[in-house]
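Below: one structure, written as structure tokens.
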Amino acid sequence: ERVVGIIGAMHEEINSILQLMTDVKESSYGMRTYYTGIINGVNTVLVFSRWGKVAAATTVTSLIVKFNITELIFIGVAGAISHQLRIGDIVIAERLVQHDMDARPIMERYEIPLLGVTYFEPDTKLVAIAEKAIHATLDNQNQAFIDQDKKDEFLLTSPEVYKGTIASGDQFFAKQVDKDTLLSNLPDSLCVEMEGASVAQVCYEYGVPFVVIRIISDESNENSAINFADFIINVSSKYSHEIIKNIFLL
Ligand code: ADE
């Protein structure tokens, strides 16, 4: 039986996605609240992962072993690393790397010990579905679900969709120098966040297909913390709602 796990990395995103679910039941486990229910006829389990690799890895493990999910959607915000990206753009992971994994000289830098893997790859079918759902969200509705003053505040003129590499690690990027270092070490990184590649590792180990979707909330520099909460409450949680809704319509 198909059961779709949905992890959000922000409370506000969970609340907005929860509006899509019917027959909701709540259960608590390991300091997480799991919402089981139905979105457009499909069994789903929604949970707030909290932040960081351990929080996300343990949450997805619970989804797999306790809630028997058969696929996973992770949605959240990320800081831009590539200079092409603007606030409000959306990234779908094609590869995920743990930028803080470094077991040199025993392993190559970034290699996950004992897996012999550096990059984890999401499921291509889920990526294709996410891409369609995001285009539907951005194009057809002209982002009418976001207040005009917030579009102006965050300069959301015409958000773009990117597919590529996401770097994850236990660090919030708020200094230009750290951003520059990451970009020179992992030059194909589109954006940085704190969960995706750990979720990807667990899904890889359990053989569960997954996709990671990230809305760019900041530029991973000294301005990152400014307006962060405001962006999540007014912009990214609305995107999350629409994107998840569209995924289940496809
Ligand atoms: N998630 C959103 N913005 C981020 C940043 N600047 N660094 C790490 N994770 C993030």
Side-chain angles (χ1 to χ4, degrees), residues 6-17 47-57 59-60 73-93 95-102 110 120 122 130 134 146 150 153-156 159-201 210-240 243:
I6 304 170
I7 301 186
M10 293 287 170
H11 252 311
E12 295 80 0
E13 292 171 332
I14 297 299
N15 291 336
S16 78
I17 296 166
V47 60
F48 169 45
S49 61
R50 303 182 171 221
W51 300 349
K53 292 194 300 172
V54 172
T59 305
V60 69
I73 301 167
F74 190 106
I75 191 156
V77 293
I81 293 297
S82 160
H83 299 301
Q84 297 178 307
L85 268 75
R86 299 284 165 266
I87 290 172
D89 287 345
I90 300 180
V91 175
I92 309 168
R95 317 198 291 168
L96 299 107
V97 58
Q98 296 177 17
H99 67 72
D100 55 356
M101 177 58 76
D102 190 353
Y110 308 119
F120 297 102
I134 292 166
I146 297 171
K150 294 297 164 187
E153 181 183 340
F154 292 105
L155 306 172
L156 304 179
E160 305 253 7
V161 186
Y162 291 88
K163 287 192 293 179
T165 303
I166 293 183
S168 313
D170 287 324
Q171 182 186 351
F172 185 83
F173 279 65
K175 286 190 190 137
Q176 185 65 40
V177 56
D178 292 341
K179 175 179 181 172
D180 293 343
T181 303
L182 180 59
L183 192 56
S184 68
N185 288 337
L186 291 165
D188 63 342
S189 303
L190 291 175
C191 63
V192 68
E193 36 87 315
M194 301 174 67
E195 296 84 17
S198 74
V199 165
Q201 181 177 341
F210 70 95
V211 62
V212 176
I213 301 163
R214 291 288 186 172
I215 300 147
I216 301 302
S217 57
D218 59 83
E219 293 182 320
S220 311
N221 59 19
E222 281 72 3
N223 299 321
S224 288
I226 304 170
N227 295 335
F228 189 69
D230 193 27
F231 183 85
I232 288 153
I233 293 163
N234 294 293
V235 181
S236 82
S237 62
K238 309 225 158 132
Y239 271 126
S240 301
I243 292 167

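We count ligands from 1, going down the list as the structure has it; atoms in each ligand are counted the same way.
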(message) Tell me whether F173 has any N or O atom under 3.5 angstrom from an N or O of ligand 1.
(response) yes
(request) Identify, for atom 9 (N) of ligand 1, the protein heavy atom at the shortest distance, and state residue, atom and that distance. (result) E193 CA, 3.4 Å
(request) Examine the side chains of Q98 and Q201 and answer whether a donor and an acceptor come within less than 3.5 Å of each other. (result) yes
(request) Under 4.0 Å from a heavy atom of S217: give me the atoms of ligand 1 that qualify, with their elements. (result) 2 (C), 3 (N)
(request) Tell me which protein heavy atom sits closest to atom 4 (C) of ligand 1, plus the residue, atom name and distance to 0.1 Å. (result) F172 CE1, 3.4 Å
(message) Y239: which residues meet the ring-ring contact (aromatic ring centres under 6.0 Å, His included) condition with it, sequence neighbours left out?
(response) F145
(request) Give the residue, atom name and distance (to 0.1 Å) of the protein heavy atom nearest atom 10 (C) of ligand 1. (result) V192 O, 3.7 Å
(message) For atom 8 (C) of ligand 1, which of the options E219, R214, K175, Q171 provides the nearest non-hydrogen atom?
(response) Q171
(request) Around atom 3 (N) of ligand 1, find the nearest protein heavy atom and jot down its residue, atom name and distance. (result) D218 OD2, 2.6 Å
(message) Can you confirm whether or not the ring centre of F154 sits under 6.0 Å from the ring centre of F231?
(response) yes
(message) Please determine whether a side-chain nitrogen of the Lys or Arg among D180 and K175 lies less than 4.0 Å from a carboxylate oxygen of the Asp or Glu.
(response) no
(message) I'd like to check the side-chain hydrogen bond (donor to acceptor under 3.5 Å, both in side chains) partners of E193; sequence neighbours left out, ordered by chain and number.
(response) S168, R214
(message) Nearest 0.5 angstrom please: I17 CD1 to N15 CG, how far?
(response) 9.5 Å
(request) Please could you name the atoms of ligand 1 that S220 approaches to less than 4.0 Å, counting only its heavy atoms? (result) 6 (N)
